[in-house]
Participant: 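There's a structure below that I have some questions on.
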Amino acid sequence: KYFSERMNSLMKKLSERMELALAMNLFNLNYRYTSENYQVMNYGVGGHIGPHHDSVGFPYLDEALLGGGRVTTSMTYLSDVEAGGKTIFPYLSLGISPKAGSLVYWTTKTNAG
């Protein structure tokens, strides 16, 4: 399910807190395109999402028309899990275990694109 700061005051407060933590501007009511909507997911027992890239790399026209491509990603864990549930970064040989309230943040593009 998707949530927007424009329609949900809790999401606006979350953006404000993330702006302080990350020293980035995420949302500005005066601009049509700022950050993406929040996506809330529950994979359930045994659920997963397969390997993927959060950015397509080279900026395509459709990204430019929507305000630009995704340059960073952040993920907030809403609950603890008893087993599994790691977010895996295979090229880094890194796995992050979910802990309720923790935030994981990474860049999806380099200075070279």
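All values reported here derive from a predicted model rather than from experimental measurement.
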Participant: Excluding sequence neighbours, so at least two apart, what forms side-chain hydrogen bond (donor to acceptor under 3.5 Å, both in side chains) with E82?
Facilitator: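 By the side-chain hydrogen bond (donor to acceptor under 3.5 Å, both in side chains) rule, E82 matches no residue at all.
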
Participant: Who pairs with K99 by side chain to side chain contact (heavy atoms under 4.5 Å, CB included), at least two apart in sequence or on another chain?
Facilitator: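 K99: side chain to side chain contact (heavy atoms under 4.5 Å, CB included) contacts with D80, S102.
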
Participant: Run the side-chain hydrogen bond (donor to acceptor under 3.5 Å, both in side chains) test against T73 and tell me which residues pass, sequence neighbours left out.
Facilitator: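 Scan of T73 (side-chain hydrogen bond (donor to acceptor under 3.5 Å, both in side chains), adjacent residues dropped) gives D54.
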
Participant: List for me each residue that meets ring-ring contact (aromatic ring centres under 6.0 Å, His included) alongside F3, sequence neighbours excluded, and say none if there are none.
Facilitator: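 Here no residue qualifies.
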
Participant: Does any non-hydrogen side-chain atom of V40 lie less than 4.5 Å from one of L78?
Facilitator: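 Contact flag for L78/V40 side chains = yes.
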
Participant: Assess the side chains of S15 and Y38: does a donor N or O sit below 3.5 Å from an acceptor N or O?
Facilitator: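 Their side chains do contain a donor-acceptor pair, which is all the 3.5 Å distance test asks for.
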
Participant: Using the test side chain to side chain contact (heavy atoms under 4.5 Å, CB included), find all partners of I49 that sit at least two apart in sequence or belong to another chain.
Facilitator: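 By the side chain to side chain contact (heavy atoms under 4.5 Å, CB included) rule, I49 matches Y43, H52.
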
Participant: If the condition is side-chain hydrogen bond (donor to acceptor under 3.5 Å, both in side chains), which residues does N28 pass it with, not counting sequence neighbours?
Facilitator: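 Only N30 meet the side-chain hydrogen bond (donor to acceptor under 3.5 Å, both in side chains) criterion with N28.
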
Participant: My understanding is that only residues two or more places apart in sequence, or in another chain, count here; which of them pass side chain to side chain contact (heavy atoms under 4.5 Å, CB included) with Y105?
Facilitator: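 If we apply the side chain to side chain contact (heavy atoms under 4.5 Å, CB included) test to Y105, skipping adjacent residues, the hits are L22, M24, T72, S74, T107.
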
Participant: Which distance, rounded to the nearest 0.5 Å, do you find between the OH of Y2 and the CG of N37?
Facilitator: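 Y2 atom OH to N37 atom CG measures 8.5 Å (nearest 0.5 Å).
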
Participant: Nearest 0.5 Å please: distance from the CE atom of M18 over to the OG1 atom of T76.
Facilitator: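 So the CE of M18 and the OG1 of T76 are separated by 5.5 Å.
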
Participant: Please check if the number of heavy atoms outside M41 that lie under 6.0 Å from its CE is greater than 12.
Facilitator: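 More than 12 within 6.0 Å, yes.
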
Participant: Determine which pairs satisfy salt bridge (charged side-chain N to carboxylate O under 4.0 Å, His left out) with at least one residue from residues 9-26, sequence neighbours left out, and list them in order.
Facilitator: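 Listed by first then second residue: K12-E16.
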
Participant: Please give the remaining members of the hydrophobic cluster of F27, linking ILVMFWY side chains under 4.5 Å, ordered by chain and number.
Facilitator: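 The other cluster members (ILVMFWY side chains, heavy atoms under 4.5 Å, direct or chained) are L29.
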
Participant: Does anything in residues 84-95 form a side-chain hydrogen bond (donor to acceptor under 3.5 Å, both in side chains)? List the pairs, not counting sequence neighbours.
Facilitator: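 Of all non-adjacent pairs touching residues 84-95, those that pass side-chain hydrogen bond (donor to acceptor under 3.5 Å, both in side chains) are Y77-T87.
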
